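The structure appears below as structure tokens.
Just so it is clear, the structure is predicted and the values come from calculations on it, not from any experiment. The analysis underlying the following values was restricted to heavy atoms, covering all of them including side chains, and did not include hydrogens, waters or symmetry mates. Convention: sequence-line order gives letters A, B, ...; per-chain numbering from 1.
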Amino acid sequence: MTTTSPKAVRVRMAPSPTGPLHIGTARTSLYNFLVARHTGGTFVLRIEDTDVARGNEAYEREIIEGLHWLGLSWDEGPQVAGGDDIGPFGPYRQSQRMDRYAAEAERLLAAGSAYRCYCTPDELEAERREQQARREAPRYSGRCRKLSEEEREAFETEGRTSAIRFAVPPEKVVFDDIIRGRVEFDNALLGDFVIVRTDGMPLYNFVAVIDDAAMAISHVLRGEEHLSNTPKQIALYEALGYDVPLFGHVPLILNPDRSKMSKRKTQTAVSAYRGLGYLPEALVNFLAFLGWSPGTEEEIFSLDELASRFEIEKVHKAGAVFDADRLDYLNGTYVRSLGDEQLALRLRPFVPAVIDDAAIIRLVPLVRERLVRLADVVELASFLWEPDAVVASRYEAELLAPKGGGPAEAALALSRAREMVAELDAADFSADVLEDRFRAAAAELGIKPADLFKPNRVALTGRTVSPPLFASMELLGRDRCLARIDEALAKLQ
RNA sequence: GCCCCCAUCGUCUAGAGGCCUAGGACGCCACCCUUUCAAGGUGGAGAUCAGGGGUUCGAAUCCCCUUGGGGGCACCA
């Protein structure tokens with residue numbers, strides 16, 4: 001990394017368990033992971049669960065599971081099973097660090113860098129409305145900042161509870177963002193923001209600073225939506241007497257309309273992609289290239305290869321649209337690159353139990369080149385496990401007919417096939433033999449092979465599109481082929 | 001409204017002053033292969049580098065302005 005820091009590289013991901021693992025969080029985590037692996041640094045996982053109202057343990061589990069699934073392993077973080085934390089800077093769950101936050105709030109209070117605010121939500125709301133009416137920026141006036149001792153006591157005896165606000169120094173803040181370059185803000189434009197709520201819960205901008213400092217984070221790499229939080233946090237670092245880390249704000253992932261990627265417009269849950277059968281290596285590869293490129297024409301990279309090439313300084317400034325077509329393409333590429341056993345293993349969760357492991361391996365060659373997502377195996381191969389009646393329920397006379405033909409041509413093709421299948425014993429019932437026989441029959445009948453094949457494809461699978469016919473027949477077996485051809489013939493009566 | 005950020009084919013991007021009459025990939029369109037669908041192969045359309053000013057012998061690349069887009073302005077993270 002060219003931005004040399006005297007300290008060792010320590011980066012972190014800090015997801016909040018208020019929802020499923022988001023694609024954007026996954027990509028930011030990936031970038032942090034890649035920086036750590038590229039530099040030999042340390043990757044820390046910290047759970048930001050201070051918002052008890054929205055937080056949820058199930059989400060925490062889901063996020064951790066999703067991160068594992070993607071292969072983003074961390075060096076320090078909370079123990080998953082609820083046991084001890086891993087690493088010297090724990091606990092790594094903010095809900096377990098409350099005493100530290102309280103102590104730091106006290107320090108700030110004592111130093112006069114923070115003060116108690118007794119304003120009620122109604123009062124604040126009224127203040128905001130007035131400001132808006134005057135077309136001013138909505139921000140806290142700071143009136144509790146200069147409360148006298150008597151006024152404070154009056155509020156206390158009145159029974160009012162207080163929040164703690166940070167007295168923002170009205171100065172310009174300049175920092176060199178690793179990705180964006182020099183960025184300037186004027187903190188004089190900011191109101192004093194709350195760092196500890198009335199109910200005692202500390203807030204994000206405050207705890208993130210304390211923890212990043214306590215955990216010796218050297219590079220804070222996060223989403224662009226945090227860019228405007230940075231000057232507030234820098235002011236906090238300084239008031240608290242901490243070293244200010246380096247910041248890098250990665251561009252947003254966008255909906256097709258170029259707004260920030262959101263659930264309403266794009267699927268944002270990593271688990272949803274997993275459920276559809278996207279491979280983690282494909283998703284990682286795809287995400288890595290959303291806002292970064294190694295500058296080569298090569299585009300398929302494993303996590304290790306990405307780690308060796310990744311440079312945070314080369315991450316783009318502009319947002320990138322999430323292009324589902326490209327993800328599909330990459331996924332297909334990864335699926336096709338898998339060996340029989342590997343692909344069978346990945347397919348296992350998508351295929352019913354009646355299809356045993358050995359049968360999945362036999363199925364793999366039929367579907368490999370046709371799968372975009374693993375879940376597509378159902379559409380492609382369900383005829384193998386569907387009862388004959390279900391397949392037959394899809395028959396229609398027009399579907400059964402060969403191109404340009406009618407029921408008569410369909411019946412001819414079907415009955416000829418029935419004869420051939422019937423005279424083959426189980427031992428000879430292979431794709432090769434079937435293909436030879438069928439082609440010979442087509443020649444004998446004086447029809448195009450395709451016209452003999454199509455009615456049988458529909459009869460056997462209930463679909464006009466299927467994996468190669470003869471290999472499908474082999475997997476189906478002689479008896480089921482006969483039964484289905486008979487059903488189709490009956491449909492034509 | 002205020003603050004901040006951004007800007008190369010529809011999309012992801014290469015490009016760090018001359019190698020650019022802008023390269024690759026996805027998607028799209030043809031054709032080839034082919035029992036359907038895919039996969040694969042070949043070819044094609046597609047970006048006056050948002051617009052306008054500079055700087056320079058020379059700008060997609062540097063500077064300024066405009067326009068457009070986005071993000072943020074919580075007792076959420």
Side-chain angles (χ1 to χ4, degrees), chain A residues 14-19 25 48-51 53-55 117 119-121 124 128 131-132 134-140 161-165 177 180-181 183-186 189-191 193-205 207-208 222-231 249 251-252 254 256-260 286 289-299 314 316-330 332-333 336 367-372 380 403 435 438-439 442 448-454 456-458 461 463-470:
Chain A
S16 181
T18 52
T25 308
E48 307 234 326
D49 55 353
T50 54
D51 190 349
R54 295 195 301 157
C117 172
C119 297
T120 64
L124 293 172
R128 246 191 301 273
Q131 286 164 333
Q132 266 158 2
R134 275 182 270 128
R135 302 171 133 257
E136 285 171 15
R139 58 171 167 151
Y140 181 59
T161 49
S162 62
I164 301 176
R165 285 183 188 270
D177 190 280
R180 273 144 221 286
V183 182
E184 301 189 27
F185 284 90
D186 187 356
L189 266 22
L190 250 42
F193 56 92
V194 173
I195 55 176
V196 179
R197 303 200 310 200
T198 310
D199 65 5
M201 288 304 279
L203 261 13
Y204 167 74
N205 279 122
V207 295
R222 68 227 312 191
E224 189 189 334
E225 68 268 29
H226 289 292
L227 193 55
S228 56
N229 281 324
T230 307
H249 289 90
L252 264 16
L254 275 21
D257 66 3
R258 306 205 72 89
S259 57
K260 179 162 108 174
F286 173 73
F289 278 70
L290 238 39
W292 173 81
S293 159
T296 61
E297 286 191 354
E298 179 66 31
E299 56 178 4
K314 294 194 76 177
H316 294 179
K317 294 175 176 143
V321 173
F322 186 95
D323 181 4
D325 280 338
R326 195 181 173 80
L327 208 213
D328 282 349
Y329 158 77
L330 277 174
T333 301
R336 269 172 260 128
V367 298
R368 176 187 281 113
E369 241 117 77
R370 282 158 257 267
L371 290 174
V372 172
L380 247 27
K403 194 176 178 199
E435 178 158 7
F438 271 64
R439 284 189 189 284
K448 287 194 287 190
D451 290 341
L452 174 59
F453 299 168
K454 194 224 170 178
N456 285 290
R457 178 188 310 286
V458 174
T461 67
R463 301 180 197 282
T464 53
V465 170
S466 81
L469 182 60
F470 305 110

Considering every strand and a 4.0 Å limit on heavy-atom distances, what is the contact class for [X]: base, sugar-phosphate, or nothing?
{"X": "A:Pro256", "value": "nothing"}
{"X": "A:Gly291", "value": "sugar-phosphate"}
{"X": "A:Pro251", "value": "nothing"}
{"X": "A:Arg180", "value": "sugar-phosphate"}
{"X": "A:Arg463", "value": "nothing"}
{"X": "A:Gln132", "value": "nothing"}

Using nucleotides 71-77 of chain B, report all nitrogen or oxygen pairs with the protein that are shorter than 3.5 Å.
{"residue": "B:rG71", "atom": "OP1", "partner": "A:Lys260", "partner atom": "N", "Å": "2.9"}
{"residue": "B:rG72", "atom": "OP1", "partner": "A:Lys260", "partner atom": "NZ", "Å": "2.7"}
{"residue": "B:rG72", "atom": "O2'", "partner": "A:Ser228", "partner atom": "OG", "Å": "2.6"}
{"residue": "B:rC75", "atom": "O2", "partner": "A:Thr198", "partner atom": "N", "Å": "2.8"}
{"residue": "B:rC75", "atom": "O2", "partner": "A:Thr198", "partner atom": "OG1", "Å": "2.9"}
{"residue": "B:rC75", "atom": "N3", "partner": "A:Thr198", "partner atom": "OG1", "Å": "2.3"}
{"residue": "B:rC75", "atom": "N4", "partner": "A:Cys119", "partner atom": "O", "Å": "2.8"}
{"residue": "B:rC76", "atom": "OP1", "partner": "A:Arg197", "partner atom": "NH1", "Å": "2.9"}
{"residue": "B:rC76", "atom": "OP2", "partner": "A:Arg197", "partner atom": "NH1", "Å": "3.3"}
{"residue": "B:rC76", "atom": "O2'", "partner": "A:Asp51", "partner atom": "OD2", "Å": "2.5"}
{"residue": "B:rC76", "atom": "O2'", "partner": "A:Arg54", "partner atom": "NE", "Å": "3.0"}
{"residue": "B:rC76", "atom": "O2'", "partner": "A:Arg54", "partner atom": "NH2", "Å": "2.1"}
{"residue": "B:rC76", "atom": "O2", "partner": "A:Arg54", "partner atom": "NH2", "Å": "3.1"}
{"residue": "B:rA77", "atom": "OP1", "partner": "A:Thr50", "partner atom": "OG1", "Å": "2.6"}
{"residue": "B:rA77", "atom": "OP2", "partner": "A:Tyr204", "partner atom": "N", "Å": "2.9"}
{"residue": "B:rA77", "atom": "O3'", "partner": "A:Glu48", "partner atom": "OE1", "Å": "3.2"}
{"residue": "B:rA77", "atom": "N6", "partner": "A:Asn229", "partner atom": "OD1", "Å": "3.4"}
{"residue": "B:rA77", "atom": "N6", "partner": "A:Asn229", "partner atom": "ND2", "Å": "3.2"}
{"residue": "B:rA77", "atom": "N1", "partner": "A:Asn229", "partner atom": "ND2", "Å": "3.4"}

* Asked: In terms of side-chain heavy atoms, does A:His249 have a donor or acceptor partner in A:Arg222 at a distance below 3.5 Å?
  -> yes
Identified pairing partner of [N], criterion: Watson-Crick or G-U wobble below 3.5 Å:
{"N": "B:rC28", "answer": "B:rG44"}
{"N": "B:rC75", "answer": "none"}
{"N": "B:rC20", "answer": "none"}
{"N": "B:rG68", "answer": "B:rC6"}
{"N": "B:rC49", "answer": "none"}

Starting from [atom2] on [N], measure out to [atom1] on [X] and report it in whole angstrom.
{"X": "A:Arg457", "N": "B:rU36", "atom1": "CZ", "atom2": "P", "result": "7 Å"}
{"X": "A:Phe470", "N": "B:rU35", "atom1": "CZ", "atom2": "P", "result": "9 Å"}
{"X": "A:Glu369", "N": "B:rC33", "atom1": "CD", "atom2": "C1'", "result": "13 Å"}
{"X": "A:Leu254", "N": "B:rC12", "atom1": "CG", "atom2": "C1'", "result": "12 Å"}
{"X": "A:Leu380", "N": "B:rA38", "atom1": "CG", "atom2": "C1'", "result": "8 Å"}
{"X": "A:Glu435", "N": "B:rU34", "atom1": "CD", "atom2": "P", "result": "12 Å"}
{"X": "A:Leu330", "N": "B:rU13", "atom1": "CG", "atom2": "P", "result": "13 Å"}
{"X": "A:Arg370", "N": "B:rU36", "atom1": "CZ", "atom2": "P", "result": "11 Å"}

If you round to the nearest 0.5 Å, how far is [atom2] of [Y] from [atom1] of [X]?
{"X": "A:Ser466", "Y": "A:Arg370", "atom1": "OG", "atom2": "CZ", "result": "8.0 Å"}
{"X": "A:His316", "Y": "A:Ser293", "atom1": "NE2", "atom2": "OG", "result": "6.5 Å"}
{"X": "A:Phe286", "Y": "A:Arg326", "atom1": "CZ", "atom2": "CZ", "result": "8.0 Å"}

* **Steps toward side-chain contact (heavy atoms from CB on, under 4.5 Å) verdict (A:Arg258, A:Val321)** => CA-CA 6 Å; A:Arg258 306 205 72 89; A:Val321 173; 3.5 Å; yes
* Is the gap between the ring centers of A:His226 and A:Tyr204 under 6.0 Å? -> yes
* Intermediate values then yes/no, side-chain contact (heavy atoms from CB on, under 4.5 Å), A:Ile195 and A:Leu203 -> CA-CA 5 Å; A:Ile195 55 176; A:Leu203 261 13; 5.7 Å; no
* **Side-chain ion pair, A:Arg180 and A:Glu224, N-O less than 4.0 Å** => yes
* Under a 4.5 Å cut-off applied to non-hydrogen side-chain atoms, are A:Arg139 and A:Leu190 in contact? ->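 Result no, sub-4.5 Å side-chain heavy-atom pair not found.
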Would you tabulate the pairs of protein nitrogen or oxygen atoms and nucleotide nitrogen or oxygen atoms of nucleotides 16-25 of chain B closer than 3.5 angstrom?
{"residue": "B:rG23", "atom": "O2'", "partner": "A:Glu297", "partner atom": "OE2", "Å": "3.2"}
{"residue": "B:rG24", "atom": "O4'", "partner": "A:Glu297", "partner atom": "OE2", "Å": "3.3"}
{"residue": "B:rA25", "atom": "O2'", "partner": "A:Glu299", "partner atom": "OE1", "Å": "3.1"}
{"residue": "B:rA25", "atom": "O2'", "partner": "A:Glu299", "partner atom": "OE2", "Å": "3.1"}
{"residue": "B:rA25", "atom": "O2'", "partner": "A:Arg326", "partner atom": "NH1", "Å": "3.4"}
{"residue": "B:rA25", "atom": "N3", "partner": "A:Arg326", "partner atom": "NH1", "Å": "3.1"}

* Ring-face cation of A:Arg165 near A:Tyr140 (centre distance under 6.0 Å, axis angle within 45°) -> yes
* Asked: If you pin A:Pro468 and A:Pro294 to their nearest nucleotides in RNA chain B, which one's is more 5'?
  ->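 In this pair, the answer is A:Pro294.
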* Asked: Is the side chain of A:Thr198 donor-acceptor paired with the backbone N or O of A:Thr161 at a distance under 3.5 Å, no angle test?
  -> no
* OP1, OP2 of B:rA14 versus side-chain N and O of A:His316: anything below 4.0 Å? ->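 Yes, within the criterion.
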Could you give the distance separating [M] and [N] at their [atom1] atoms, to the nearest angstrom?
{"N": "B:rG51", "M": "B:rA77", "atom1": "P", "answer": "43 Å"}
{"N": "B:rC63", "M": "B:rG24", "atom1": "C1'", "answer": "31 Å"}
{"N": "B:rC6", "M": "B:rU55", "atom1": "P", "answer": "25 Å"}
{"N": "B:rG23", "M": "B:rG15", "atom1": "C1'", "answer": "9 Å"}
{"N": "B:rC20", "M": "B:rU13", "atom1": "C1'", "answer": "16 Å"}
{"N": "B:rC19", "M": "B:rC49", "atom1": "P", "answer": "15 Å"}
{"N": "B:rA30", "M": "B:rA45", "atom1": "P", "answer": "15 Å"}
{"N": "B:rC12", "M": "B:rC28", "atom1": "C1'", "answer": "16 Å"}

* Mutual orientation of the aromatic rings belonging to A:Phe438 and A:Phe453 [parallel < 30°, tilted 30-60°, perpendicular > 60°] -> tilted
* Would you give a per-nucleotide map of nucleotides 46-51 of chain B, 5' to 3', where B means the base has a protein non-hydrogen atom under 4.0 Å away, S means only the sugar-phosphate does, and - means neither? => ------
* **side-chain contact (heavy atoms from CB on, under 4.5 Å) evaluation trace for A:Arg463 with A:Arg457** => CA-CA 7 Å; A:Arg463 301 180 197 282; A:Arg457 178 188 310 286; over 6 Å; no
* Going through the checks in order, is the side-chain contact (heavy atoms from CB on, under 4.5 Å) test met by A:Thr230 and A:Val183? -> CA-CA 10 Å; A:Thr230 307; A:Val183 182; over 6 Å; no
